[in-house]
Colleague: 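Here's a structure for you.
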Amino acid sequence: MDEMKKKEHDDQKLHIAVFPWLAFGHFLPFLHLSNHLSQLGHRISFISTPKNLRRLSEIISPDLSARIAMVPLPFPSVNGLPPDSAESTSELPSHLVPFLKRAYDKLQFPLTEFLQNSDVNWLINDFAPHWLPPIATRLGINSVFFSIYSATTLAFGGSPEDLLRRCEKQVGDLTEVPQWMPPQSKVAFRRYEVMSIHDQMDPDFSDFFRLAKVIQGCRFVATRSCSELETDSLSLLQKLYQKPVIPVGLMPSEVKDSDGNQSWDSLRQWLDGKTQNSVLYIALGTELTLSHDQMNELASGIEKSGVTRRLGG
């Protein structure tokens, strides 16, 4: 009887393939999600290119590394990328990101071969592989779109049909609040943000097209959000997509001891010596490097806001 129960329990475990976009702001949330799923007993195959997997292996714990199988796919050559084979957005200026997306699209061939020769049940993918849902369907694999962005950000984009219509419009349309958003909403991009988005678009397959096709082809959408923060946006998103939208939580990084990290030790000692509400923390993303002028503008804005006076600075 015990052996039968064990077999039934094992049969309920899944083999889940995870395929993020080639950016560390995407790798890490996908890795955190993989960690949670592996703790439930599911087998995880984390798929990316060799250089990215080597970098990830340097920052994850040995315990997590033992639970997740890293599956390297050879990085394809693409005209327009530097010869040193940059494999993530962190290694490229924004105007070369479209070429990285073309290289990512070429991963469909080794990825398909891996899926065909594996027992993967479910596939969790990012916004970029517009070609992947039909492949998963043909192989009998359930696909899930996991968004690292908030539900509000996704809702701003609209339904898959709205996203496809955006392909035919000017990117400047993003500076206006869409009609399907709540009347009180002020969510919209600034013009300089739109220009940055435009620089990173692949002219053949825009991000709107990629996202629309991924949403249309998946079984359901998982987003890094929670109902306590985005109740209305999650409800709106489900209406727009006409399929389940599941918030998986914010998945913050686990806080662990520094394990001899001298840089963190000195920073922690400095923080411990400060009084409550006396430190201002500014986060600008995983890959943004400010120019000298931008740093001056940031400092000027902080000074004009009066926050330094409130902090006692």
Side-chain angles (χ1 to χ4, degrees), residues 16-37 44 46-48 52 88-89 97 100-101 104-105 122-133 136 141-164 166-167 174 178 180-181 185 187-189 193 196-197 200-202 205-253 283 285-287:
I16 304 172
V18 179
F19 186 54
W21 162 237
L22 302 176
F24 274 80
H26 292 243
F27 289 143
L28 298 180
F30 272 77
L31 198 59
H32 294 154
L33 179 62
S34 299
N35 182 30
H36 287 298
L37 293 171
I44 307 296
F46 194 98
I47 305 169
S48 192
N52 291 318
S88 71
T89 57
V97 171
L100 188 66
K101 289 174 180 172
Y104 185 78
D105 289 342
W122 285 81
L123 174 64
I124 302 176
N125 57 264
D126 216 322
F127 78 95
H130 60 94
W131 38 266
L132 189 50
I141 299 172
N142 299 298
S143 65
V144 178
F145 165 46
F146 172 49
S147 170
I148 70 163
Y149 304 110
S150 68
T152 302
T153 300
L154 289 177
F156 178 85
S159 68
E161 293 74 23
D162 293 320
L163 288 165
L164 291 173
R166 285 188 185 275
C167 298
L174 297 174
W180 53 82
M181 294 294 284
S185 176
V187 175
F189 288 93
E193 294 173 322
S196 176
I197 292 171
Q200 299 183 50
M201 288 276 195
D202 176 4
F205 301 104
S206 74
D207 289 0
F208 306 131
F209 177 86
R210 293 173 182 273
L211 179 57
K213 291 301 180 181
V214 164
I215 295 168
Q216 287 177 333
C218 71
R219 288 284 300 273
F220 64 86
V221 175
T223 181
R224 192 169 63 160
S225 181
C226 60
S227 56
E228 292 84 352
L229 289 177
E230 295 193 292
T231 302
D232 294 339
S233 293
L234 287 165
S235 177
L236 172 60
L237 203 57
Q238 192 149 297
K239 293 177 181 176
L240 290 169
Y241 290 174
Q242 292 295 297
K243 61 181 56 182
V245 176
I246 300 174
V248 297
L250 302 180
M251 296 188 302
S253 300
T286 56
E287 299 172 4

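Here, residue 1 is the first one in the sequence, and each next residue gets the next number.
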Colleague: Check side-chain contact (heavy atoms from CB on, under 4.5 Å) between A155 and all other residues, then give those that pass, not counting sequence neighbours.
Modeller: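 side-chain contact (heavy atoms from CB on, under 4.5 Å) list for A155, sorted by chain: M181, L236, L237, L240.
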
Colleague: In Å and rounded to the nearest 0.5 Å, what is the OG to CG distance from S88 to N52?
Modeller: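 Reported value, rounded in 0.5 Å steps: 5.0 Å.
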
Colleague: Tell me the closest heavy-atom pair linking G158 and Y241, and the distance in Å.
Modeller: O-CE2, 3.5 Å

Colleague: The criterion is salt bridge (charged side-chain N to carboxylate O under 4.0 Å, His left out); which residues satisfy it with K101, sequence neighbours excluded?
Modeller: D207

Colleague: Quick one: pull up CG in L28 and CG in N35 and give me the separation to the nearest 0.5 Å.
Modeller: 12.0 Å

Colleague: Which heavy atom of G157 sits nearest a heavy atom of L163, and at what distance?
Modeller: O-CD2, 3.5 Å

Colleague: Strictly by salt bridge (Lys or Arg N to Asp or Glu O under 4.0 Å), give each pair with a member in residues 232-251 just once, sequence neighbours left out.
Modeller: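 Those involving residues 232-251 do not exist here.
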
Colleague: Please report the shortest heavy-atom distance between P129 and P133, naming the atom on each side.
Modeller: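 Reported closest heavy-atom pair: O-CD, 3.5 Å.
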
Colleague: Once you round to the nearest 0.5 Å, how far does SG of C226 lie from CG of L250?
Modeller: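 Answer rounded to 0.5 Å: 4.5 Å.
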
Colleague: Is there a donor-acceptor contact under 3.5 Å from the side chain of T231 to the main chain of S227?
Modeller: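 At least one qualifying donor-acceptor pair exists.
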
Colleague: By ring pair (Phe, Tyr, Trp, His ring centres under 6.0 Å), which residues pair with F209, not counting sequence neighbours?
Modeller: H130, F205

Colleague: Taking all heavy atoms of H32 and all of M251, pick out the closest pair and write down the distance.
Modeller: ND1-O, 3.5 Å

Colleague: Would you sort out whether V221 and V144 count as a side-chain contact (heavy atoms from CB on, under 4.5 Å), showing the intermediate values?
Modeller: CA-CA 6 Å; V221 175; V144 178; over 6 Å; no

Colleague: Dump the intermediate steps for side-chain contact (heavy atoms from CB on, under 4.5 Å) on I44 and V18, then the final yes or no.
Modeller: CA-CA 7 Å; I44 307 296; V18 179; 3.9 Å; yes

Colleague: Would you compute the distance between atom CG of L174 and atom CD1 of I197 and round it to the nearest 0.5 angstrom?
Modeller: 5.5 Å

Colleague: Return each pair, listed once, that meets side-chain hydrogen bond (donor to acceptor under 3.5 Å, both in side chains) where at least one residue sits in residues 142-156; pairs must be two or more places apart or across chains.
Modeller: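 Applying side-chain hydrogen bond (donor to acceptor under 3.5 Å, both in side chains) to every pair that reaches into residues 142-156, excluding sequence neighbours, yields H26-Y149, N142-R219, S150-T153, T152-E230, T152-S233.
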
Colleague: Locate the shortest heavy-atom distance separating A151 from T223; write the atom from each residue and the value.
Modeller: N-OG1, 4.0 Å

Colleague: Holding to side-chain hydrogen bond (donor to acceptor under 3.5 Å, both in side chains), I want the full list of residues that pass it with T89, two or more places apart in sequence or in another chain.
Modeller: E287

Colleague: Determine, step by step, whether V245 and L154 satisfy the side-chain contact (heavy atoms from CB on, under 4.5 Å) criterion, reporting the C-alpha distance in whole Å, the side-chain angles of both residues, the deciding distance to 0.1 Å, and the verdict.
Modeller: CA-CA 11 Å; V245 176; L154 289 177; over 6 Å; no

Colleague: Can you tell me how far CH2 of W180 sits from OG of S185, rounded to the nearest 0.5 angstrom?
Modeller: 11.5 Å

Colleague: Apply salt bridge (charged side-chain N to carboxylate O under 4.0 Å, His left out) to D202 and list each qualifying residue two or more places apart in sequence or on a separate chain.
Modeller: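 Counting only residues at least two positions away or on another chain, D202 forms a salt bridge (charged side-chain N to carboxylate O under 4.0 Å, His left out) with R102, R210.
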
Colleague: N125: what forms a side-chain hydrogen bond (donor to acceptor under 3.5 Å, both in side chains) with it, not counting sequence neighbours?
Modeller: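 side-chain hydrogen bond (donor to acceptor under 3.5 Å, both in side chains) check on N125 returns nothing, list empty.
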
Colleague: Decide if the gap between the ring center of F30 and the ring center of F27 is smaller than 6.0 angstrom.
Modeller: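 Centroid separation for F30 and F27: 6.0 Å or greater.
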
Colleague: Would you please classify the geometry between the F189 ring and the F156 ring as parallel, tilted or perpendicular, with 30° and 60° separating the classes?
Modeller: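 Rings of F156 and F189: perpendicular, over 60°.
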
Colleague: Test of understanding: with ring pair (Phe, Tyr, Trp, His ring centres under 6.0 Å), list the residues that count as partners of F208, not counting sequence neighbours.
Modeller: none

Colleague: Sequence neighbours left out, what passes ring pair (Phe, Tyr, Trp, His ring centres under 6.0 Å) with Y104? Give chain and number order.
Modeller: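 Y104 satisfies ring pair (Phe, Tyr, Trp, His ring centres under 6.0 Å) with F19, W21 only.
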
Colleague: For P29, enumerate each residue passing the side-chain contact (heavy atoms from CB on, under 4.5 Å) test, keeping only those at least two apart in sequence or located in another chain.
Modeller: F146, I148, R224

Colleague: Are P178 and R166 packed together at the side-chain level, in the sense that at least one heavy-atom pair is separated by less than 4.5 angstrom?
Modeller: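 Of all side-chain heavy-atom pairs linking R166 with P178, at least one is under 4.5 Å.
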
Colleague: Of L123, D105, I141, which meets side-chain contact (heavy atoms from CB on, under 4.5 Å) against L132?
Modeller: L123

Colleague: Take I215 and L211 through the test side-chain contact (heavy atoms from CB on, under 4.5 Å) and record every step on the way to the result.
Modeller: CA-CA 6 Å; I215 295 168; L211 179 57; 3.7 Å; yes

Colleague: I need the S34 OG to I124 CD1 distance, nearest 0.5 Å.
Modeller: 6.5 Å

Colleague: Which pairs pass salt bridge (Lys or Arg N to Asp or Glu O under 4.0 Å) with one or both residues in residues 152-163, sequence neighbours excluded?
Modeller: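 Of all non-adjacent pairs touching residues 152-163, those that pass salt bridge (Lys or Arg N to Asp or Glu O under 4.0 Å) are D162-R165.
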
Colleague: Between F46 and P20, what is the shortest heavy-atom contact and its length?
Modeller: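 Residues F46 and P20, closest heavy atoms: CZ-CG, 3.8 Å.
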
